[in-house]
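Residue numbers begin at 1 in each chain, while the letters A, B, ... track the order of the sequences.
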Amino acid sequence: MKLACDGSVALIVNPQAGKDVRRLVAPAPIVTDIDKIGILRRILAALDALAVSRVWVMPDLGGLAERALAGRRWRFEVRWLAIPGLASADDTQAATRDAVRQGVRVIVALGGDGTQRLVAKEAAGVPMLAISTGTNNAFPVMIDATLAGMAAGWVAKGQVEVARVTRFHPRLEVAIDGQAADSALVDVAATRDLVTGSRAIYDWRMWREAVILTPQIPVVGLGSLALALVGAMADPPPAVHVRFGDGGRQVLAPIAPGMVAAVPIAETSPVFWGETVALQPAAGCLAFDGEREQVVSPRQRVTVHEVAEGARVLDVRRCFQAASAPPG
Amino acid sequence: MIKTERGGRVEIQRERLLWIYERMKLIRSFEDAVAELFAAGRIPGFVHLYAGEEAIGVGIMAHLGDDDYITSTHRGHGHCIAKGVSVREMMAELFGKATGSNKGKGGSMHIADVGKGMLGANGIVGGGGPLAVGAGLTLKTLGKKGVTVCFFGDGAAEQGTMHEAMNLASIWKLPVVFVCENNLFAESTPWTYHASVKNIADRAAAYDMPGVVVPAHDVFAVYEVANEAVQRARRGEGPSLIEARGFRFYGHFQGDPLTYRTPEDEARWRAHDPLTLFRARVLDQEFLAEDALDEVDRQVATMIAEATNFAESSAYPADAALLEDVYVSYP
Amino acid sequence: MTTRQITFREAINDALRQEMRRDPTVIVMGEDVAGGASLEHIEGRQEEAWGGVLGVTKGLVQEFGRARVLDTPISESGYIGAAVGAAATGLRPVAELMFVDFFGVCMDQIYNQGAKLRYMFGGKATVPMVVRTMIGAGFRAAGQHSGSHYSVFTHMPGLKTVVPSTPADAKGLLAAAIRDNDPVIFFEHKLLYDVEGPVPDGEYVIPLGQADVKRVGDDVTVVAIGRMVPLALAAAEDLAKTHGIGVEVVDPRTLSPLDAPTILNSVRKTHRLVVVDEDNPRCSVAADLVALVASEALEYLDEAPKMVTAPHAVVPFSPVLEDLYVPSAERIGHVIRTLMGHEIGV
Ligand SMILES: Cc1ncc(C[n+]2csc(CCOP(=O)(O)OP(=O)(O)O)c2C)c(N)n1
């Protein structure tokens with residue numbers, strides 16, 4: 001089936017992904033500007049080859065997208081997404097909102113788990129393709145950007161059927177005192193930190209408890225614990241609720257790139273679709289997908305609700321299968 | 001203190017937080033006072049003010065003692081204050097008085113206090129990098145536990161000396177922490193123009209050291225990253241590069257017509273005032289009470305007034321000082 | 001004091017060794033000063049370590065180890081600046097700038113940092129460092145490896161400058177430079193390295209700021225610097241024999257601080273001055289010495305002072321031109337005879 005319409009693609013790049021403290025405390029990968037520009041160019045080249053009509057680009061303060069676009073005449077029209085321009089997380093979120101407003105067919109986002117979470121929060125059902133350029137990459141995929149660009153191009157041009165080439169990734173919705181507060185794609189952790197500090201979580205001794213989606217494949221970060229705890233089950237639960245501390249078993253897990261620790265697990269319980277988990281009231285930080293985002297007090301009641309249909313993500317493999325299928 | 005050492009528990013000591021606030025406030029008030037005194041024609045020469053960047057100097061210096069060294073820049077008042085140089089002597093120095101930290105012979109761009117490990121502001125952009133390497137070499141050669149922090153601007157990042165310094169510190173595994181204060185502009189030239197990379201921290205990879213970006217307005221973030229980098233250096237694991245990205249509230253120097261940035265840009269960045277953010281954060285979490293902070297404000301105001309009086313009432317250097325201290329000895 | 005007959009090169013090595021043994025804070029750094037700093041080279045094949053391009057620091061790394069004899073990358077700003085920083089914080093670094101011509105890539109660290117810190121800090125910093133560097137033409141090394149340039153450094157307040165002319169002076173002055181608490185630039189003429197002379201054994205220090213009268217004479221004062229000293233002495237011997245002229249050769253040894261009294265006293269005695277300097281003539285040490293004598297002892301002069309220097313030109317490559325460039329004993333003799341009123345046929 002072929003849709004007779006030319007949609008557009010949004011490109012969102014977090015210029016600061018892959019630069020956090022985990023490079024100091026662990027040998028986390030360094031994703032340089034040059035790497036990111038290269039990824040962007042490969043995506044753009046694929047979109048160009050597929051004759052996509054329009055590309056909406058997030059203008060990052062570092063000018064990465066600008067440099068990726070420079071020096072070549074593209075067949076597509078380039079439009080810039082509106083952002084506040086403070087080189088903060090707000091840029092990513094605002095750009096995604098704008099992309100949705102502009103009616104893009106697919107959002108390609110470069111970043112780690114932290115970046116993808118922000119995009120997913122605003123994507124409003126538009127399919128997203130997350131490309132890893134961050135530190136912890138439980139959600140985004142490691143894939144050559146050329147393939148990502150082609151997949152996105154087919155979706156934008158309507159050459160593949162969205163329903164067939166996308167799937168839903170679950171989401172953890174966090175409420176504080178009953179009010180929707182935030183959401184995560186990989187995990188929600190409560191830590192003992194009293195300040196958000198430099199945000200990235202890397203010290204497992206600070207962890208108090210967490211709700212972790214069970215990953216499909218081995219990942220670095222809290223997800224690795226979920227896999228270790230329930231992965232061997234015949235029918236593993238979609239998520240687990242873990243309380244850290246002595247008295248239970250110890251799980252050897254890759255908690256950050258290059259950081260493998262024996263993490264003491266006091267208690268584990270499965271979390272099923274649609275279930276809501278209440279965290280123990282305590283002073284500390286809430287971390288979403290590996291970043292300390294918010295400080296909470298013992299007086300606040302934090303709940304985590306699991307939703308099966310969280311983010312709509314593009315499956316590159318299925319895109320290629322669908323695109324190669326004879327027209328019918 | 002806000003202990004975030006690996007394996008440690010976060011623990012916030014009231015005194016430490018108060019110290020952080022007091023130093024940040026002291027820097028801000030000092031710079032505001034200098035701006036006024038300069039505008040009134042009471043301070044000669046020219047001055048580059050640190051207001052807006054307080055969280056960097058203080059967040060980093062919170063991990064250093066008198067046995068640790070720093071090298072600084074032309075925008076050095078904040079580093080001096082955070083390192084514990086007396087504000088009376090600093091103010092007197094700006095006035096060119098004999099009681100100044102440098103006996104009135106250095107001025108704003110050269111304030112130093114070697115006894116406190118402050119190896120000088122520097123009028124040469126990028127000049128401090130090699131000096132920091134030297135101080136690191138001393139610490140390593142003499143088997144001392146100290147570290148050296150090298151502050152440099154985004155503009156200085158393009159100076160060859162900084163590249164040489166990072167390479168040397170890396171091959172010799174010296175206890176040096178390079179802190180790039182990326183305030184987005186070198187004079188009027190934006191960093192997006194002058195830097196080949198848009199994260200100066202990327203350059204760390206070229207020198208085989210870790211590179212980290214941290215927001216410059218968040219003292220807690222700077223504090224945590226600095227702690228890791230400083231501990232790493234103390235453990236003998238070598239140098240690292242921290243890029244703290246933020247904004248200077250004033251112009252490049254006092255009198256700068258500021259034609260290269262819009263009032264809107266400025267307003268947006270000023271919304272990220274490190275002091276306001278700190279206050280809101282600690283009050284919100286009840287780490288500190290409002291009256292304690294207000295008390296600090298009052299003390300700081302007194303210190304600044306006292307420093308200004310001291311500077312104004314001090315004598316200028318005697319003529320003989322002209323030829324003093326060119327050498328230790330000169331037969 | 002017992003002496004040994006050793007080369008200028010060995011005398012410098014002696015001084016470094018002596019000071020490094022005496023004071024653990026003395027370190028030596030520079031390009032190839034250990035020589036091939038790879039572990040294999042030093043640990044396994046110690047004797048083969050270079051010890052500097054011309055072998056001046058040979059053997060130091062074997063005795064003092066790599067922590068005190070540091071090979072540096074080709075980063076003159078970086079490591080000379082590091083020497084400043086190290087000096088300000090407790091070491092006594094001796095940094096080698098291979099050829100003085102390379103000051104162009106590191107002058108900021110030498111001058112704006114090293115030389116000025118103390119003054120700018122109101123006397124609250126000391127920078128006890130030495131920069132050893134090679135000077136001089138005659139090696140067929142052309143424009144960027146043959147300059148003398150000590151005038152540039154002598155001009156600058158905060159720096160001390162030393163130009164030894166004999167092996168013994170090299171040892172004694174280098175020891176003094178290392179012990180000195182100010183930054184000292186120590187100029188070594190590469191054509192002197194193989195010159196032998198008696199050098200005192202054991203600890204030997206010559207205070208900075210003391211000129212040395214290398215030859216006594218009554219008719220004319222020749223102030224000569226560095227390698228010009230042996231040339232002036234050769235000219236003096238020749239003139240004594242052939243024309244009975246008594247030439248007094250004064251070697252200032254340190255240009256900053258300058259031993260003005262010794263020079264002025266000599267001129268007050270001989271009433272004639274010739275300055276021999278391999279550096280370029282404009283704004284130079286030679287010009288400075290002429291100015292000194294003109295302003296302090298004009299009434300003693302019988303003749304206008306003369307300068308025998310390199311021309312206001314770059315050191316040329318062609319051997320013919322280079323030989324023309326450097327003052328020779330003949331030229332020195334010629335100028336002295338002219339000054340003495342001799343009619344000289346061409
Ligand atoms: C070697 C040198 N070149 C130029 C200058 C003039 N200058 C003084 S500050 C400055 C800009 C420095 O920018 P940056 O390093 O980003 O520091 P900032 O002023 O932003 O704190 C320039 C060009 C100088 N002082 N030294």
Legend entry - Which portion of A:V21 sits near chain B, non-hydrogen atoms under 4.5 angstrom: both
Inset, instruction - Specify whether B:W269 and B:F247 have parallel, tilted or perpendicular ring planes, treating 30° as the upper limit for parallel and 60° as the lower limit for perpendicular. - result: parallel
Inset, instruction - Report the residues that fulfil side chain to side chain donor-acceptor pair (under 3.5 Å) with A:T191, sequence neighbours left out, ordered by chain and then residue number. - result: A:D193
Inset, instruction - Counting only heavy atoms closer than 4.5 Å, note whether A:R67 contacts chain B via side chain, backbone, both or neither. - result: side chain
Legend entry - Closest-packed option against chain B by number of heavy-atom pairs under 4.5 Å, given A:R22, A:R199, A:E66, A:R23: A:R23
Legend entry - N-O pairing of B:D154 and B:R245 below 4.0 Å: no
Legend entry - salt bridge (Lys or Arg N to Asp or Glu O under 4.0 Å) partners of B:R23, counting only residues at least two apart: none
Legend entry - Flag, side chain of A:Q93 to backbone of A:D90, donor-acceptor distance under 3.5 Å: no
Inset, instruction - Taking all heavy atoms of A:D20 and all of B:V212, pick out the closest pair and write down the distance. - result: O-CG2, 3.5 Å
Inset, instruction - Name, in order of residue number, those residues of residues 174-193 of chain B that have a heavy atom at a distance of less than 4.5 Å from a heavy atom in chain A; otherwise write 'none'. - result: B:W191, B:T192
Legend entry - Residue part contacting chain A, namely of B:R281, when any heavy atom lies under 4.5 Å: side chain
Legend entry - Contacting moiety of B:E243, where chain A heavy atoms sit under 4.5 Å: neither
Inset, instruction - May I ask you to decide if the ring planes of B:F287 and B:F220 are parallel, tilted or perpendicular, using 30° and 60° as cut-offs? - result: perpendicular
Legend entry - Portion of A:T32 that has a non-hydrogen atom of chain B nearer than 4.5 angstrom: both
Inset, instruction - Go through B:A205, B:A201, B:A229 and name the one with the most non-hydrogen pairs under 4.5 angstrom from chain A. - result: B:A229
Inset, instruction - Please determine if B:R270 forms a cation-pi arrangement with B:F249, meaning its NZ or CZ atom is less than 6.0 Å from the six-membered ring centre and no more than 45° off the ring axis. - result: yes
Inset, instruction - Sequence neighbours left out, what passes side-chain contact (heavy atoms from CB on, under 4.5 Å) with A:K19? Give chain and number order. - result: A:D33, A:K36, B:N199, B:D202, B:V213
